[in-house]
Amino acid sequence: MKTLLITGGAGFIGSNFIRHMLKEHPDCRIVNFDALTYAGNLENLREAAGNPRYSFIRGDIADAAQVDAAMSRGVDAIVNFAAESHVDRSIDDPGLFVRTNVLGTQVLLDAAKKYRVERYLQISTDEVYGALGAEGLFSEETPLAPNSPYSASKAGADLLVRAYHETYGLNIGITRCSNNYGPWHFPEKLIPLAITNALEDKEIPVYGDGLQVRDWLHVADHCRAIDLVLRRGKSGRIYNIGGNNERTNLRIVKTVLAELGKPETLIKHVKDRPGHDRRYAIDAARITGELGWKPEYTFETGLQATVKWYRENRQWWQNVKSGEYAAYYEKMYGNR
Ligand code: NAD
Ligand code: DAU
């Protein structure tokens, strides 16, 4: 039986990945290591909590002693989801992003080296490539040109992961995925914010002209891709992951409103995000060609399922929205 240390497993993608692995791989044991920041929520993993193959440790990836204590339990591979993940928050507090995303990754890499783990997988993002114009796609060879403190910290982490492979021979992989959506997505991000605000008949803030483009992928498809790269990806290799679902933000919000039968008068154009990347789009030919991955959800089926999940899990998002997030929302959008 293999033991995986999943860092950041109480967040959106990490919790979906833990559910996926427990279901698909009866031979794997999961240790979820998470600091439980505002974005970490053990409610996301209620169904895993009773599983004898699952355990949780509250800890900070930037704290070497805490990471060491977790590793000494015996870990075969590390999958690092832990990060500060919201671009708007990084504009307010870049230092926190450098600490968690860069320093935290380096602490994990040292532990991976010390304990000679079989594989270290870094969950990165397409945002490290910067922004595209109207044409073209990000390939794994696209030069890094991050524009926000968030994406710069993720790019820094990727370079450290690469260096530990080149210098120490660590078996590593890096995945760079486009925008995810799906269940348990924290409602500070566009799609869950739009769905939950619409369900409450509240305005939906759209930055600038709303014509920025993102390439959306259902989180379950991302998890299947990570599973493949973890088990079958080549060491030292980067894999782009994307859904081939380019949509403007305005179109996303209008689709959500139509799905919920709510009026477009709920759309409110607000001041743009500084350094706002205009367009992301992914060339996923490598993971498709080498590992046979392709998405199972279309954007339409994925969004319908997601809207249904938020309708049926009001308690989950109302709890999240009533906590410290309420103060964040007022600060971010109060005078915008
Ligand atoms: P999230 O914000 O929902 O979850 C992050 C998790 O990390 C939380 O559980 C939080 O408690 C934990 N965490 C934060 N700081 C920590 C620390 N110092 N030590 C231990 N745990 C800590 O993020 P997400 O959307 O699930 O993203 C997960 C990863 O995937 C991130 O690395 C992100 O950069 C990457 N990613 C996200 C997307 C997306 O669309 N959401 C797309 C591509 C890549
Ligand atoms: O591309 C992958 C990245 O996708 C991940 O690395 C990040 O962790 C994740 O947060 C996401 O980043 P984005 O900045 O693209 O996601 P966000 O949901 O914050 O915004 C999506 C788009 O919608 C972006 O163009 C900004 C816009 N937006 C966002 C919010 C929260 C709005 O117009 N209004 C909003 O209120």
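Residues: numbered from 1 along the sequence shown. Ligands are counted one by one from 1 in listed order, and the atoms in each one are counted from 1 as well.
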(request) State plainly whether the residues Arg99 and Asp60 are in salt-bridge range, i.e. N to O under 4.0 Å. (result) yes

(request) List in chain and number order the residues that pass side-chain contact (heavy atoms from CB on, under 4.5 Å) with Arg46, two or more places apart in sequence or in another chain; answer none if no residue qualifies. (result) Glu43

(request) Give me the ring orientation class for Tyr297 and His218: parallel if the planes are under 30° apart, tilted from 30 to 60°, perpendicular past 60°. (result) parallel

(request) Hey, can you tell me if Phe12 and His185 have their rings parallel, tilted or perpendicular (30° and 60° cut-offs)? (result) parallel

(request) State whether Asp227 and Arg224 are salt-bridged, where the test is any N-O pair (Lys NZ or Arg NE/NH1/NH2 against Asp/Glu carboxylate O) under 4.0 Å. (result) no

(message) What I'd like to find out is whether the side chain of Tyr333 reaches to under 4.5 Å of the side chain of Lys268, using heavy atoms alone.
(response) no

(request) Could you pull out the closest heavy-atom pair between His222 and Asn180, with the gap in Å? (result) ND1-OD1, 2.7 Å

(request) Write down, by chain and number, every protein residue that brings a non-hydrogen atom to less than 4.0 Å from an atom of ligand 1. (result) Gly8, Ala10, Gly11, Phe12, Ile13, Asp34, Ala35, Leu36, Thr37, Ala39, Gly40, Gly59, Asp60, Ile61, Phe81, Ala82, Ala83, Ser85, Thr100, Ile123, Ser124, Thr125, Tyr150, Lys154, Cys177, Ser178, Asn179, Asn180

(request) Heavy-atom cut-off of under 4.0 Å around ligand 2: list whichever protein residues fall inside it, by chain and number. (result) Ser85, His86, Val87, Thr125, Asp126, Glu127, Tyr150, Cys177, Ser178, Asn179, Glu188, Lys189, Leu190, Pro205, Val206, Tyr207, Gln212, Arg214, Asn249, Arg273, His276, Tyr280, Tyr333

(request) With Tyr120 as reference, evaluate Val79, Leu230, Ile174, Thr105 under the side-chain contact (heavy atoms from CB on, under 4.5 Å) test and give the passing residue. (result) Thr105

(request) Can you tell me which residue pairs pass the salt bridge (Lys or Arg N to Asp or Glu O under 4.0 Å) test with a partner in residues 210-219, sequence neighbours excluded? (result) none

